[in-house]
There are 4 protein chains.
Amino acid sequence: MRSKNKPDGQKRSFIERARREQIIDAAVRTIAELGYPNASLARIARTAGISKGVISYHFEGKDELMDQVVMDVYTEIGETVVPRMMAQDSSSEALRVHIRGVAEYALEHRERMAALAQIFIHARDARGNPRYGGLQAEPLYEGLENLYRAGQESGEFRDFDVRVMAVSQQSAVDGMFEYWRVHPDHDLPAHAEQLADLLLHAIRVEPSSPAPPTTRSP
Amino acid sequence: MRSKNKPDGQKRSFIERARREQIIDAAVRTIAELGYPNASLARIARTAGISKGVISYHFEGKDELMDQVVMDVYTEIGETVVPRMMAQDSSSEALRVHIRGVAEYALEHRERMAALAQIFIHARDARGNPRYGGLQAEPLYEGLENLYRAGQESGEFRDFDVRVMAVSQQSAVDGMFEYWRVHPDHDLPAHAEQLADLLLHAIRVEPSSPAPPTTRSP
Amino acid sequence: MRSKNKPDGQKRSFIERARREQIIDAAVRTIAELGYPNASLARIARTAGISKGVISYHFEGKDELMDQVVMDVYTEIGETVVPRMMAQDSSSEALRVHIRGVAEYALEHRERMAALAQIFIHARDARGNPRYGGLQAEPLYEGLENLYRAGQESGEFRDFDVRVMAVSQQSAVDGMFEYWRVHPDHDLPAHAEQLADLLLHAIRVEPSSPAPPTTRSP
Amino acid sequence: MRSKNKPDGQKRSFIERARREQIIDAAVRTIAELGYPNASLARIARTAGISKGVISYHFEGKDELMDQVVMDVYTEIGETVVPRMMAQDSSSEALRVHIRGVAEYALEHRERMAALAQIFIHARDARGNPRYGGLQAEPLYEGLENLYRAGQESGEFRDFDVRVMAVSQQSAVDGMFEYWRVHPDHDLPAHAEQLADLLLHAIRVEPSSPAPPTTRSP
DNA sequence: TATGAATGAGCATTCATTCAT
DNA sequence: TATGAATGAATGCTCATTCAT
C-alpha cells in the first residue's frame with residue numbers, strides 16, 4: 001500500500017500515520033545531524049531503529065519523504081507565525097512579528113529548522129535541478145511583497161523595490177539561522193530583534209528611532 | 001609528489017601551476033554547469049580533456065581542489081573590489097561600491113560566481129559538516145564590521161549591532177546572486193543599486209533621501 | 001491452512017476455490033499486460049483488488065500460483081482441442097485441426113495464451129533452471145508422436161523421425177503465437193492454415209497438392 | 001573512460017579489449033549456467049574473478065554488456081555459416097547447410113548459444129519490453145525469405161507463404177537448441193539433418209525422396 | 001608526470017516472504 | 001480468512017580514491 005495510492009481519498013490508518021510521523025522524525029534528526037547528503041535512507045532507517053524497507057513501504061521514495069518533511073515543518077511554521085501577524089495593526093509590527101515568530105519557532109524546533117534548510121539547499125530532482133530551489137520561493141516573496149505594498153499604501157513604508165526587499169529579507173532571515181547553526185550559543189532572539197530594526201529602518205518612512213535602545217548580540 | 005607535500009616550502013614548477021590552473025578552470029565550468037553534486041572528478045576530468053588520475057595527482061583529493069577554486073575566486077573578487085572601496089571618501093560610498101563591485105564581478109565571471117556559491121552550499125567534510133560554513137566567513141564579517149564602525153565613528157552611520165548587520169548584508173548579497181542564478185534575465189546591476197539603497201537606509205543616520213531616484217528591477 | 005497442505009486429500013471450500021480462481025485470473029491479466037518479470041505479487045494483488053497477503057495465504061508462493069495458471073490454461077486448451085481431434089478420420093485432418101484449434105483458442109483467450117507463454121519462458125526454480133522447460137513438454141511431444149505414428153502406420157505419413165517432428169511442430173506453433181504477440185494485427189487463422197499445410201507437406205506420403213489453393217498471411 | 005565515449009572513433013587499447021572480452025566471456029558462462037535472471041552483475045563479476053565496479057568501468061551498463069554478448073555470438077555464427085551457404089549451388093543445399101552450420105556452431109560453442117538464447121528471451125528495456133524480441137528478428141526473417149524466393153524463382157521450391165515459413169523455420173531451429181539444452185546428450189547434428197529434411201519436404205517441388213535414408217535421433 | 005584500470009563502499013529501490021492481529 | 005506491516009537480501013549503478021606502469 002504505497003503512499004502514491006493514498007491520495008485517492010483513502011484514509012491512513014492510525015498506525016500508518018504514526019509510522020510515517022516516526023520516519024519523518026527520524027529523517028529530520030538524521031538530516032540535522034549529518035546533513036542532507038549523508039542522510040541516506042539506510043541512515044534514516046538506522047536512526048529510526050527500523051529496517052530500510054519500511055521507509056520504502058510507507059513512502060513512495062526518498063523524494064516523497066522529503067516532501068513530507070518540508071510540508072510538515074512549513075505547516076508548523078505557518079501555524080505559529082501567520083495568526084500572530086494577522087493580529088497586528090501595522091505593517092511594521094506584522095513584519096517584526098514575522099521575524100520574531102520564525103526565530104521563536106526555530107529556537108523551539110532547532111532540528112526541524114536545520115533539516116528544512118538542508119532539504120531546500122540540497123534536494124534535487126532526477127535531472128539535477130533543485131527540487132525546492134528558487135521558483136518554489138516565489139510564494140514567499142509574494143507574501144512579503146503584499147506586506148510591503150500594504151505598508152506603502154498606508155503610508156507606513158517609503159517607496160522601494162519590493163522584489164529586491166523581499167529577496168533581501170528572506171536571505172537575511174536564512175542567514176540568521178545559518179549563523180545560529182554555526183554558532184549555537186548565538187542569541188537568536190536578540191538577532192531577530194536587531195534584524196527587524198534594520199529592516200524597518202530600511203523601509204520605514206519616518207526615520208525617527210523606531211526601536212528602543214537595542215541590545216547587542218553576544 | 002602529492003600536493004599535500006607542497007606547502008613545505010617547495011616551489012611548484014611552471015607546468016605544475018599551469019596544470020592546476022587548467023584543472024581549477026575545468027572544475028569551475030563543470031560545477032557551474034552541472035551543479036556541485038553532479039560535478040564528479042570524472043566529469044571535471046572530461047571537461048578538462050584529461051584523465052581522472054591527473055586530478056588526484058595534482059590535488060590531494062576533491063576537497064583540496066575545491067579549496068583552490070574557492071581561494072582563486074575569492075582572491076579575484078578581493079582584487080577587484082577592495083581597491084575601489086579604498087578609493088572612496090565616505091563609508092556610505094565604500095559600502096555602495098562594495099556591493100556594486102561584487103555584482104560587476106559576478107556579471108563578468110558568472111561561472112566563477114556560480115561555482116563559488118555551489119561549493120559554499122554543498123561542500124562538506126567527512127563528518128558531514130559544511131566545509132566553508134560560517135567560520136570561514138568570519139574574515140568577511142570582520143571586514144564589513146570595520147567598515148560599519150568607521151561610519152559610526154565618523155557619524156555617518158547610526159548605532160546598530162554590527163555583527164547582525166554584517167551577517168544580513170552578506171546574506172542579502174548571496175541571496176541576490178542566487179536569485180540571479182535562478183532568473184538569469186534579472187537585472188543584476190539594478191538589484192545591486194536597490195540593495196545598496198536599502199542597506200544604507202537601514203544604517204545611515206540622516207533620514208533624508210540619500211540616493212537619487214532609483215530605477216526598479218525589471 | 002496453506003495450500004501446500006491441501007493435496008493431502010482435503011477438499012477446498014467453495015470460497016477458497018473462488019478466491020484462487022480470482023487470483024489466477026488477476027495473475028493472467030497482469031502477466032499478459034506487463035510481462036512476467038514485472039508481474040510481482042504486489043501488482044497481481046493490485047489487479048485483483050486485494051491485499052498482497054491474500055495471495056500468500058491461498059498459494060504456497062509465487063511458484064505455486066504460476067503452476068496453477070499454467071494448469072488452468074493447459075486444461076482449457078486440451079478441452080477445446082482434443083475432442084475435435086478425436087472427431088477426425090485421418091491423421092492429416094487431426095493434425096490440421098489441432099493447429100487450427102489452438103489458434104482459435106488463442107484468438108478467443110489472447111491474455112491466457114500470452115500469460116502461458118510468458119510463464120513458460122520466464123519462470124525458473126531456485127537454482128535458475130526453467131520451471132516448465134523441456135521436461136514438462138514431454139507429454140506434448142508424446143501426444144504428437146502418437147499422432148504421427150498412427151499416420152505412418154496407416155500409410156498416410158512417410159517415414160521420418162517423430163521426435164524431431166514433434167519438437168519442430170511445437171516450436172513452430174509457439175513461434176506463431178509469439179509472432180502474433182509482436183504483430184497483433186497478424187492474421188493468425190491464416191497463419192495457422194499455412195503452417196498446417198507446411199507441416200503436412202513435410203510428412204505426407206503423397207506430394208500431390210494436399211490443400212486447396214491457400215490464402216497468404218497478410 | 002566509459003564505452004559510451006568510445007564510438008567517437010577512439011581505439012580501444014589492447015588491454016581494454018582483453019578485459020572486455022574477459023567480461024563478455026564471464027557473462028556468457030554465468031548466463032549459460034544460471035540463466036539470465038540470475039546473472040546479476042555481481043555474479044558475472046564473481047565468475048570473472050573481478051570487482052563489480054570493473055564491469056561498470058568497461059561497459060556503460062548491463063545493457064551494453066548484453067548487446068556485446070549478442071553481437072559477439074551473432075558475428076561468430078554469421079562468419080561460420082554465411083560463407084558456407086554462399087558456396088552452395090542450389091537453394092536446397094543452402095538451406096541445409098544453414099541449419100547444419102548453426103548446429104555445428106552450437107555444438108562447438110554450447111555456452112554461447114545458450115547465453116544468446118537467454119538474452120533474447122529475457123532482456124528487456126526500461127519500459128519492460130523485450131530488447132531483442134520480435135522486431136529485431138525481422139532481418140533474420142527477411143534473409144530466409146530471400147532464400148525461399150530464390151528457390152521459388154528457380155523452380156526448386158513450390159509456392160508457399162514465405163513469412164510463415166521463415167517464422168516456422170526460425171522457431172524450429174530455436175526449438176532444436178532448446179531441446180538440446182534440456183537433453184544434453186541429444187544428437188544435435190542428426191536432429192539438424194532431420195530438420196533440414198523436414199523443411200525441404202515442406203517446400204520442395206519434387207516429391208521424390210530428396211534425402212538419403214536418414215538416421216534417427218537417439 | 002600522466003594514465004587507464006581497478007576497487008569497494010554506498011546509493012535508492014524492488015521484491016517475495018513472514019507474521020501478528 | 002484476510003490484512004497491513006515489516007523484513008532483509010538483491011539489483012544496477014556511481015564515485016572518490018588507489019596503484020602499477
Side-chain angles (χ1 to χ4, degrees), chain A residues 1-2 12-16 18-20 23 37-45 48-65 126, chain B residues 1-2 13 15-16 19 37-45 50-63 65 126, chain C residues 1-2 13 15-16 19 37-45 50-63 65 126, chain D residues 1-2 12-16 18-20 23 37-45 48-65 126:
Chain A
M1 191 177 299
R2 294 308 194 66
R12 287 187 208 286
S13 71
F14 168 74
I15 196 165
E16 160 88 359
R19 256 293 192 237
R20 282 174 66 94
I23 292 167
N38 292 335
S40 68
L41 291 188
R43 286 226 214 226
I44 292 171
I50 58 177
S51 151
K52 222 173 24 157
V54 185
I55 299 178
S56 294
Y57 180 78
H58 288 282
F59 295 88
E60 201 177 333
K62 197 181 191 183
D63 286 349
E64 199 217 338
L65 173 54
Chain B
M1 199 193 291
R2 294 307 193 70
S13 71
I15 196 167
E16 161 88 359
R19 257 290 194 238
N38 292 333
S40 67
L41 290 188
R43 288 229 212 220
I44 293 171
I50 58 176
S51 153
K52 232 180 357 170
V54 186
I55 299 177
S56 296
Y57 182 80
H58 288 283
F59 295 89
E60 197 178 335
K62 197 181 190 182
D63 288 348
L65 172 55
Chain C
M1 201 194 291
R2 292 309 191 73
S13 71
I15 197 166
E16 161 88 359
R19 259 290 195 236
N38 292 334
S40 67
L41 290 188
R43 287 226 213 223
I44 293 170
I50 57 176
S51 152
K52 230 179 1 168
V54 187
I55 299 178
S56 295
Y57 181 79
H58 287 284
F59 295 89
E60 195 179 337
K62 198 182 190 184
D63 288 348
L65 172 55
Chain D
M1 191 176 299
R2 293 309 192 68
R12 289 189 207 284
S13 71
F14 167 75
I15 196 165
E16 161 89 358
R19 254 295 191 241
R20 281 174 67 94
I23 292 168
N38 292 334
S40 67
L41 291 188
R43 286 226 213 227
I44 293 170
I50 56 177
S51 151
K52 221 174 25 161
V54 185
I55 299 178
S56 294
Y57 179 77
H58 288 283
F59 294 89
E60 202 179 329
K62 197 183 191 184
D63 286 349
E64 199 219 338
L65 174 53

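Just so it is clear, the values below take in all heavy atoms, side chains as well, and ignore hydrogens, waters and symmetry mates. Chain letters run A, B, ... following the sequence lines, proteins first, then strands; residues in each count from 1.
Protein atom CZ of D:F14 is 16 Å distant from nucleotide atom P of F:dT21, rounded to whole Å. Atom CD1 of C:I55 is separated from atom C1' of F:dA2 by 12 Å (rounded to the nearest Å). For the pair C:L41 CG and F:dG4 C1', the interatomic distance rounds to 15 Å; values are reported in whole Å. Distance CD1 (C:I44) to P (E:dA16): 8 Å, rounded to an integer number of Å. Taking atom CD of residue A:E16 and atom C1' of nucleotide F:dT3, one finds them 13 Å apart after rounding to whole Å. To the nearest angstrom, P of F:dA2 lies 12 Å from CZ of C:F59. Going from atom CZ of D:R20 over to atom P of E:dA6 covers 13 Å, rounded to whole Å. At whole-Å resolution of the value, CD1 in D:I15 and P in E:dA6 are 6 Å apart.
Taking the side chain of D:S51 as heavy atoms from C-beta on, and the options F:dA2, E:dT7, E:dT3, the nearest nucleotide is E:dT7. Among the nucleotides E:dG4, E:dT7, E:dT13, the one closest to the side chain of A:K62 is E:dT13. Taking only side-chain atoms of C:Y57, from C-beta outward, the nucleotide of F:dT1, F:dT11, F:dA5 with the closest atom is F:dT1. Closest to the B:S56 side chain, of the nucleotides F:dC13, E:dT17, F:dT18, is F:dT18.
Between E:dA6 and D:H58, a contact under 4.0 Å exists linking OP1 or OP2 to a side-chain N or O.
Base pairing annotation: E:dA20 forms a Watson-Crick or G-U wobble pair with F:dT3, both donor-acceptor distances under 3.5 Å. Taking a pair to require two hydrogen-bonding distances under 3.5 Å in either a Watson-Crick or a G-U wobble arrangement, E:dG10 pairs with F:dC13.
Side-chain N/O atoms of A:S40 and base N/O atoms of E:dG10 include no donor-acceptor pair closer than 3.5 Å. Between the side chain of B:K52 and the base of F:dT17, at least one donor-acceptor pair of N or O atoms lies under 3.5 Å.
Between C:S40 and C:K62, the shortest heavy-atom contact is CA-NZ, 4.3 Å. Across every non-hydrogen atom of D:E64 and D:F59, the tightest pair is OE1-CA, 3.3 Å. Considering every non-hydrogen atom in both B:V54 and B:R19, the closest pair reads CG1-NE, 3.8 Å. Summarising the geometry of A:L41 relative to A:I55, their closest heavy-atom pair is O-CD1, 3.6 Å, with the distance given to 0.1 Å.
Where B:R19 and C:A39 meet DNA chain E, the nucleotide closest to each residue was compared, and B:R19 sits on the side nearer the 5' end. Nearest-nucleotide positions on DNA chain E place D:I50 closer to the 5' end than the other of A:R43 and D:I50. Each of C:G53 and A:V54 was matched to the nucleotide of DNA chain F holding its nearest heavy atom; the match closer to the 5' end belongs to C:G53. For the pair B:A42 and D:N38, nearest-nucleotide mapping onto DNA chain F gives the more 5' position to D:N38.
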